[in-house]
Amino acid sequence: MTLISILVGTLVAGIGSVWLAALLAYALLSRFTQHLLSLAAGALLATAFTRLLPEAFELSVEAGVSAQALFAALLVGLVFFFLLDKAELWHHGHEHGNEPAHAPHTHSHDHGSHAPHAHEDHHGHDHLSGGWAVLLGDSVHAFGDGILIAAAFVADPRLGVAAALAVMAHEVPHHVGDLVVLRQTLNNPRAALFKLSLAGGVSAIGGVMGYLLVGALHEYLPFFLVVAASSFIYVALADLIPQLQKRLSPRETAAQVAWLFAGIALVATLGEWAQH
């Protein structure tokens with residue numbers, strides 16, 4: 001009975017949060033796509049720095065993991081996503097005719113430049129790197145959430161229900177950001193929702209593993225959280241924010257900054273609500 005409760009709880013938290021995020025994101029995407037890039041960047045950065053990393057360091061005390069080891073994991077995670085980005089970029093270049101090494105596939109700040117080839121290269125790059133990093137990071141994060149939910153159910157079924165609802169609540173804001181990235185990546189809302197739902201479904205695998213090996217895996221939870229945080233940080237800083245670095249009017253700049261802070265505030269608000 002406990003295992004069934006864990007499976008239901010993890011699936012509701014992992015996939016339910018994705019579908020709730022989709023209701024929010026797709027209702028706004030058609031009118032506020034550029035603003036949602038700012039919202040997504042703020043939500044991903046806030047999730048990494050105010051949720052995942054603090055939780056990882058709190059758990060590291062219980063697990064006996066040093067802060068140095070966690071920072072090393074964060075560094076390795078960032079470098080890994082950079083290398084993944086480069087590998088996808090190399091593959092993309094070969095698919096389009098073996099372009100020279102100096103071809104403009106880098107993250108351009110695009111200050112007023114509207115050249116068609118620069119625009120296509122930039123977004124082709126974003127489509128590849130951001131999507132893979134988001135899905136991998138979400139899968140790792142969902143696995144860690146599954147273990148946490150399983151541990152709560154094993155301790156007390158009521159605590160497990162509370163943990164599942166809390167996870168679902170605090171996952172919604174950054175899933176909105178994930179869907180923005182994946183919508184650009186795939187140009188297909190259904191495919192984006194399906195792939196992110198699969199990543200969220202990994203929470204059930206974490207739940208089963210947590211139920212079977214909750215004691216043995218507990219010490220690795222901080223590393224799962226740090227790797228997930230590194231993916232969100234990389235996507236926000238390497239993919240989303242460069243797209244926002246354009247020459248804009250003061251009013252447009254103010255709106256951009258406001259939406260960035262709205263993403264941060266959304267994560268903070270729902271995080272506080274989930275704790276209660």
Side-chain angles (χ1 to χ4, degrees), residues 1-25 43 47-48 50-65 134-179 193-229 231-232 266-276:
M1 186 63 186
T2 300
L3 181 58
I4 294 175
S5 299
I6 289 171
L7 286 173
V8 173
T10 52
L11 289 173
V12 167
I15 298 179
S17 60
V18 172
W19 283 78
L20 280 176
L23 290 175
L24 292 173
T47 299
T50 69
R51 299 296 165 209
L52 297 181
L53 291 177
E55 187 175 350
F57 279 92
E58 287 178 11
L59 290 173
S60 70
V61 175
E62 302 174 14
V65 177
V134 161
L135 289 172
L136 184 57
D138 267 329
S139 297
V140 172
H141 187 192
F143 185 80
D145 281 340
I147 295 175
L148 288 171
I149 292 171
F153 268 108
V154 169
D156 185 340
R158 291 174 297 180
L159 182 60
V161 171
L165 292 175
V167 166
M168 183 174 68
H170 83 249
E171 290 298 300
V172 170
H174 87 251
H175 281 327
V176 171
D178 297 341
L179 286 167
L193 181 58
F194 176 71
K195 290 192 175 184
L196 194 59
S197 296
L198 287 181
V202 173
S203 59
I205 299 175
V208 173
M209 293 295 291
Y211 175 73
L212 298 175
L213 302 168
V214 66
L217 289 178
H218 187 73
E219 62 182 294
Y220 296 104
L221 275 180
F223 294 103
F224 292 140
L225 295 174
V226 167
V227 170
S231 74
F232 300 146
L266 184 63
V267 172
T269 301
L270 286 183
E272 288 298 319
W273 176 82
Q275 289 178 359
H276 297 292

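Values in this document were obtained by computation on a predicted structure and should not be read as measured data. Note: hydrogens, waters and symmetry copies are ignored here, and every other heavy atom, side chains too, is used.
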In Å, rounded to the nearest 0.5 Å, how long is the span from [atom1] of [X] to [atom2] of [Y]?
X: Leu193; Y: Ile15; atom1: CG; atom2: CD1; result: 10.0 Å
X: Tyr211; Y: Leu3; atom1: OH; atom2: CG; result: 5.5 Å
X: Thr10; Y: Asp145; atom1: OG1; atom2: CG; result: 10.0 Å
X: Ile149; Y: Ile6; atom1: CD1; atom2: CD1; result: 9.5 Å

Would you say the side chain of Leu7 lies within less than 4.5 Å of the side chain of Val208, judging by non-hydrogen atoms? yes
Just so I know, are the side chains of Phe224 and Ile147 near enough to count as touching, which here means a heavy-atom distance under 4.5 Å? yes
Distance-only, no hydrogens or angles: does the Ser60 side chain make a donor-acceptor pair with backbone N or O of Pro222 under 3.5 Å? no
Nearest heavy-atom pair of [X] and [Y]: which atoms, and what distance?
X: Pro54; Y: Ala48; answer: CD-O, 4.1 Å
X: Ala164; Y: Gly9; answer: CB-O, 3.7 Å
X: Gly207; Y: Ala150; answer: O-CB, 3.3 Å
X: Asp138; Y: His175; answer: OD1-CE1, 3.7 Å

List for me each residue that meets side chain to side chain donor-acceptor pair (under 3.5 Å) alongside Ser197, sequence neighbours excluded, and say none if there are none. Trp19
Just to verify, what does Tyr220 make a ring pair (Phe, Tyr, Trp, His ring centres under 6.0 Å) with, not counting sequence neighbours? none
Applying the side-chain contact (heavy atoms from CB on, under 4.5 Å) criterion to Leu225, which one of Glu58, Glu55, Arg51 satisfies it? Glu55
